[in-house]
Amino acid sequence: MDHVDHILIVDDDREIRELVSSYLKKNGLRVTTAADGRHMRKFLEANSVDLIILDVMMPGDDGLVLCRELRAGKHKSTPVLMLTARNDETDRIIGLEMGADDYLTKPFAARELLARIKAVLRRTRMLPPNLQITEVGQVVSFGDWQLNTSGRHLLDRNGTTVALSGAEYRLLRVFVDHPQRVLNRDQLLNLTQGREAELFDRSIDLLVSRLRQRLADDARGSSYIKTVRSEGYVFSMPVEIIEVRQ
């Protein structure tokens with residue numbers, strides 16, 4: 001039997017839950033709805049889904065809190081699409097920083113939501129199998145550097161902190177999670193930028209260049225991030241987890 005994608009909608013607005021659920025079901029998806037974080041947690045205790053739609057503005061735990069919670073738990077790999085009634089870029093950036101895969105502002109066309117769902121699922125399934133994101137709280141060592149994933153900072157061999165932007169941190173995090181593996185631009189964009197991948201088609205090249213500068217890694221004689229012609233990039237330095245905080 002063909003797999004039917006299962007979507008979980010978490011929104012305190014009953015009308016939106018019903019309208020979106022009805023539309024997605026008509027388009028061949030399986031749908032479950034939850035009115036708040038408590039119902040979401042109860043359902044996910046015993047079930048898995050293919051994608052979660054989270055409303056940002058909800059009483060109690062809002063969508064940003066729930067997204068962060070999902071990314072720290074057993075559903076950390078489940079794609080998350082966030083909805084908000086506010087056209088606030090700050091919310092969008094925070095949502096992406098929390099680990100959301102896409103972001104849509106209300107009111108929205110149902111067809112656009114469906115297209116976004118399909119795009120997120122497609123990007124997620126495009127990734128190589130068995131890729132794991134490092135747990136928060138690890139200190140990762142590679143070459144002359146250490147990356148503290150709890151403090152989100154980079155340390156050189158003398159213990160000096162090197163500042164990273166959010167995008168630079170996410171890209172380095174992806175590389176140290178997947179060393180010795182060639183990742184193409186689409187995979188890197190999906191893992192680091194989510195929706196922004198649609199907006200900045202070739203931005204990954206600029207981001208790699210900036211990260212190389214942070215690592216004092218010359219592109220021609222790169223020790224860390226090597227370019228694989230016509231394929232993408234590979235993080236070639238061995239990676240070691242030297243500390244895990246409980």
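Small disclaimer: the values here were computed from a predicted structure and weren't measured. Throughout, numbering of the chain's residues begins at 1 and tracks the sequence.
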Side chains of [X] and [Y], heavy atoms from C-beta outward: is any pair under 4.5 Å?
{"X": "Leu155", "Y": "Thr160", "value": "no"}
{"X": "Pro179", "Y": "Met237", "value": "no"}
{"X": "Arg212", "Y": "Val208", "value": "yes"}
{"X": "Val239", "Y": "Ser141", "value": "no"}
{"X": "Leu164", "Y": "Leu172", "value": "yes"}
{"X": "Ser223", "Y": "Asp217", "value": "yes"}
{"X": "Glu168", "Y": "Leu207", "value": "yes"}
{"X": "Ile16", "Y": "Lys106", "value": "yes"}

Minimum heavy-atom distance between [X] and [Y], given as atom pair plus value:
{"X": "Val182", "Y": "Gly232", "answer": "CG1-N, 4.4 Å"}
{"X": "Asp55", "Y": "Met57", "answer": "OD2-O, 2.9 Å"}
{"X": "His39", "Y": "Ala34", "answer": "CB-CB, 3.8 Å"}
{"X": "Glu112", "Y": "Leu104", "answer": "OE2-CD1, 3.4 Å"}
{"X": "Leu70", "Y": "Met40", "answer": "CD2-CE, 4.1 Å"}

Is the ring pair Tyr233/Phe175 parallel, tilted or perpendicular, if the boundaries are 30 and 60 degrees?
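Plane angle over 60°, so perpendicular.
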Apply salt bridge (Lys or Arg N to Asp or Glu O under 4.0 Å) to Arg185 and Asp205, showing your working.
CA-CA 8 Å; Arg185 289 177 178 83; Asp205 298 319; 2.8 Å; yes
Sequence neighbours excluded - salt bridge (Lys or Arg N to Asp or Glu O under 4.0 Å) pairs with any residue from residues 20-34:
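Output for this query is empty, none listed.
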Does Val140 share a hydrophobic cluster with Val162, counting links as ILVMFWY side-chain heavy atoms below 4.5 Å and allowing steps through other members?
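Hydrophobic grouping puts Val140 with Val162.
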Non-neighbouring partners of Glu69 that pass salt bridge (Lys or Arg N to Asp or Glu O under 4.0 Å), sequence neighbours left out
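Only Arg41 meet the salt bridge (Lys or Arg N to Asp or Glu O under 4.0 Å) criterion with Glu69.
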Should Leu188 and Val174 be marked as a side chain to side chain contact (heavy atoms under 4.5 Å, CB included) after you check the CA-CA gap, both sets of side-chain angles, and the distance that decides it?
CA-CA 8 Å; Leu188 291 170; Val174 168; 3.9 Å; yes
Decide if atom CD of Glu15 counts as having more than 12 heavy atoms of other residues, nucleotides or ligands within a radius under 6.0 Å.
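Atom CD in Glu15 is not packed in, count stays at 12 or less.
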Side-chain ion pair, Asp11 and Arg17, N-O less than 4.0 Å:
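Salt bridge: no.
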Decide yes or no on side chain to side chain contact (heavy atoms under 4.5 Å, CB included) for Phe142 and Leu147, but give the supporting numbers first.
CA-CA 8 Å; Phe142 51 92; Leu147 180 67; 4.1 Å; yes
Using distance only, find each side-chain donor-acceptor pair of residues 46-53 under 3.5 Å and give its atom names and separation, not counting sequence neighbours.
residue : atom : partner : partner atom : Å
Asn47   : ND2  : Phe43   : O            : 2.8
Asp50   : OD1  : His3    : NE2          : 3.2
Asp50   : OD1  : Arg125  : NH2          : 3.2
Asp50   : OD2  : His3    : NE2          : 3.1
Asp50   : OD2  : His6    : N            : 2.7

